[in-house]
Amino acid sequence: MARSNDEVAELLREYADLIAITGGDAFKARVYEKAARAIGGHHADVRTLDAEGLREIPGVGRSIADKVTAYLSTGDFAALEKLRAKIPEGVRRLTAVPGLGPRKAYTLHQELGVSSVDELVEAIHAERLRDLKGFGPRTEENILHGVELMRSAGGRALIDVALDLAEDVVATLSRIDGCLRCAYAGSLRRGRETIGDVDVLVAAEESGPFMEAFAALPYVSEVIARGPSKTSVRTDKGLSVDLRVVPPDSWGAAMLYFTGSKAHNIRVREIAVREKLKLSEYGLFDAESGERIVSRAEEEVYARLGLPWIPPALREDRGEIEAAREDALPELIEESDLRGDLHTHTDLTDGLAPLERMVAEAAKLGHAYYAVTDHAPNLYMQQMTEERILAQREEVRALDGVYGRRGRTDRRGGMRLLHGVELNIDPDGEVDWPAGFLAGFDVCVASIHSHFGQSREELTRRLVRACENPHVNIIGHPTTRILGKRPGIEFDLDEVFAACARTGTAMEINAHPNRLDLRDEDILRARRHGVRFAIDSDAHSVPDLGHLRFGVGTARRGWLTADEVINTWPLTRLRRFLRKGRRG
DNA sequence: GCCGTTTTCGGCCCGACTGTTTTCAGTCG
């Protein structure tokens, strides 16, 4: 389940938002926000820290440390409660609408009594906004567009939130006597980027104890339905969870059925029908006699239909049935194939942890290499300079001397450090530094951070030019989308992918759960051009380093094998790729 | 509210963009 750090960070963030909404001191709000981020990204569990220990977290002083210790021991956060009493929860949710910030949300609440997204939409349609100072027709339009964008995420949760919840439910139910199997299925098992609701399956003879324990979970806010084979609940994470208890005999058929996708299931059932069989969540049956043939394991069901077991990530009816029939399913990349991370930050720019800490934690993950890629100067807020990044290079080289030589017990030996940078691709496709300076880096990630509104042609040219830069190795978060917040930029995918393949530039699969960029469909398309990929955490804190698993999940949905991903390669092969055909 | 080669006050990542204004507030990264 979520660490106490995440829980505390969320409360501090809420407090910061409410300060901002009520027009409190903007600096104070920012301090709470910063503290929330620092605590969320802190390596040690805050529950193990006293007030003194908390104050060692940067951005946490006496006042915040006291509030956190009070909250952890009593569950009270008085200052927050006071603001909550003044501002309905819905007003804070308004600020989640892209383009609508705390000040406008407060004005809407004070002047029009708006305290939910629905009321907001109603007010816009009633043309009540345009009389307000600072609001006009374009603002109305932008807000409506923002609401639409938010709703297109359909109230779906990010995969890390859903996975966290599912793993906790599974762990709890697995401990109950009589539990023979327990696992999550559904879109979460297929690794989709966002999750509508969580499906958990239990194999057991008796369902009662499981239904009871499930409904009593501490984060269950409402039991929607409860019967002998299925219980549905809403949780305080905003996600619904369905629990199904099935007879042990039906486990495989049930997993197949509830994992989906619907389209995949339909195709599989069609095959069954043609074989004079009938497939349901209870098993594979002879259509005439009704006799059950197989149902204990997914493998058995697929096998009886003449198919090899199909990995859940592929079950979208995107050609996996045909590939399975021809025995041409790809050997999908696995998390253990990754040898390193090629896009990470430190507190030299907007990361939270210092270089040594990030490196130490990365080494624990067993990486063979690790690239530090802080932001370059054109992202002005980061205040990078040549001097600062060269000083960092010295530190990286020194640490490489320590970690690179370190003998390790596993097969991989020590962890080599690469010094890199995340460049900013400007509107013309140029990047921060001249070629001479870029040549000093081991790896250059280049990403778009602004001017998302350019035309399709301009954006295409911009990315192609970045690829053609002989020092740019990886295009970072290529579409720049933020799930539920910002749509991706639109460019000619085929033209850019072709440029990547031609120039030896990798496309990133940014593994952060709110990015997952490239997404699965685009990966499928890119690999047809022969594009190489880099699965990167883009970590800004120690816990972020673990996000690689979501990138691997997305890569699997894009049918990728290990060989197509440059950070599965041994370092010598990787270095050759990073030279991009240049001499040296 | 935090922090300190400005050390108990006075700063606080800095700039662009947008839509509203006619000089600026709000939002975003």
Side-chain angles (χ1 to χ4, degrees), chain A residues 11-13 15-39 51 54-68 77 79-80 83 94-108 110-111 124 129-146 149-150 345-352 374-385 388 422-427 432 447-454 476-477 480-482 484-489 510 512 514-515 517 538 540:
Chain A
L11 290 171
L12 294 176
R13 211 169 287 126
Y15 188 53
D17 285 353
L18 293 181
I19 291 170
I21 290 170
T22 52
D25 181 3
F27 290 115
K28 185 171 156 185
R30 197 188 293 172
V31 161
Y32 274 96
E33 217 175 88
K34 216 174 136 195
R37 237 166 73 80
I39 287 175
L54 284 168
R55 292 192 58 183
E56 280 171 27
I57 301 174
V60 177
R62 178 163 304 285
S63 175
I64 293 180
D66 288 349
K67 285 189 175 77
V68 171
F77 189 162
L80 174 61
L83 285 184
L94 291 180
T95 65
V97 176
L100 192 53
R103 302 307 301 150
K104 283 202 161 77
Y106 190 60
T107 303
L108 289 168
Q110 291 300 100
E111 301 294 323
I124 293 174
L129 259 64
R130 37 188 80 181
D131 302 333
L132 297 176
K133 193 168 184 286
F135 290 75
R138 294 305 302 274
T139 310
E140 291 181 347
E141 224 172 276
N142 287 341
I143 293 178
L144 274 182
H145 181 246
L149 196 66
M150 211 169 65
H345 296 272
T346 74
D347 63 1
L348 183 61
T349 56
D350 57 353
L352 293 171
D374 271 313
H375 289 286
N378 289 356
L379 217 56
Y380 303 105
M381 62 195 218
Q382 306 297 351
Q383 305 200 304
M384 181 55 83
T385 62
R388 298 182 74 196
E422 181 180 9
L423 301 164
N424 181 57
I425 304 174
D426 79 10
D432 304 63
S447 322
I448 287 179
H449 296 101
S450 62
H451 300 86
F452 307 123
Q454 286 182 310
H477 45 73
T480 76
R481 73 163 179 182
I482 305 285
K485 284 222 177 86
R486 188 167 74 203
I489 53 173
N510 189 294
H512 196 288
N514 70 13
R515 286 197 188 266
D517 180 15
D538 194 3
H540 284 69

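Per chain, numbering begins at 1; letters A, B, ... match sequence-line order.
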| said: Does a side-chain N or O of N142(A) approach OP1 or OP2 of dT18(B) to a distance below 4.0 Å, or not? | reply: no
| field | dA16(B) OP1/OP2 closer than 4.0 Å to side-chain N/O of H451(A) | value | no
Every protein N/O lying under 3.5 Å from an N/O of nucleotides 10-14 of chain B:
unit_1	atom_1	unit_2	atom_2	d
dC13(B)	OP1	R30(A)	NH1	2.4
dC13(B)	O2	M381(A)	O	2.8
dC14(B)	OP1	Q383(A)	NE2	2.6

Rounded to whole angstrom, note down the [atom1] distance from [N] over to [M].
| N | M | atom1 | result |
| --- | --- | --- | --- |
| dG1(B) | dT8(B) | C1' | 14 Å |
| dG15(B) | dT22(B) | P | 27 Å |
| dA16(B) | dT21(B) | P | 24 Å |

| query | Contact class for L379(A) (heavy atom, under 4.0 Å): base, sugar-phosphate, or nothing? | reply | nothing
| query | Within the structure shown, what part of the strands sits under 4.0 Å from R130(A) by heavy-atom distance: base, sugar-phosphate, or nothing? | reply | nothing
| query | Dot-bracket for DNA chain B, 5' to 3', with Watson-Crick and G-U pairs under 3.5 Å, [ ] for crossing pairs and | for other-strand pairs: what is it? | reply | ((((....)))).((((((....))))))
| remark: The answer to which of A65(A) and A105(A) contacts DNA chain B further toward the 5' end, by nearest nucleotide, is A65(A)
| task | Nearest-nucleotide wise, let me know which of R62(A) and I482(A) is further upstream toward the 5' end of DNA chain B. | result | R62(A)
| said: Please encode protein proximity along nucleotides 20-26 of chain B as a string of B, S and -, counting only heavy-atom distances under 4.0 Å. | reply: S-----S
| request: Indicate yes or no for a side-chain donor-acceptor contact from R481(A) to the backbone of R515(A) under 3.5 Å, with no hydrogens or angles considered. | output: yes
| query | What is the distance, rounded to the nearest whole Å, between atom CD of Q454(A) and atom C1' of dC17(B)? | reply | 14 Å
| task | Classify the angle between the aromatic ring planes of Y32(A) and Y15(A) as parallel (below 30°), tilted (30 to 60°) or perpendicular (above 60°). | result | perpendicular
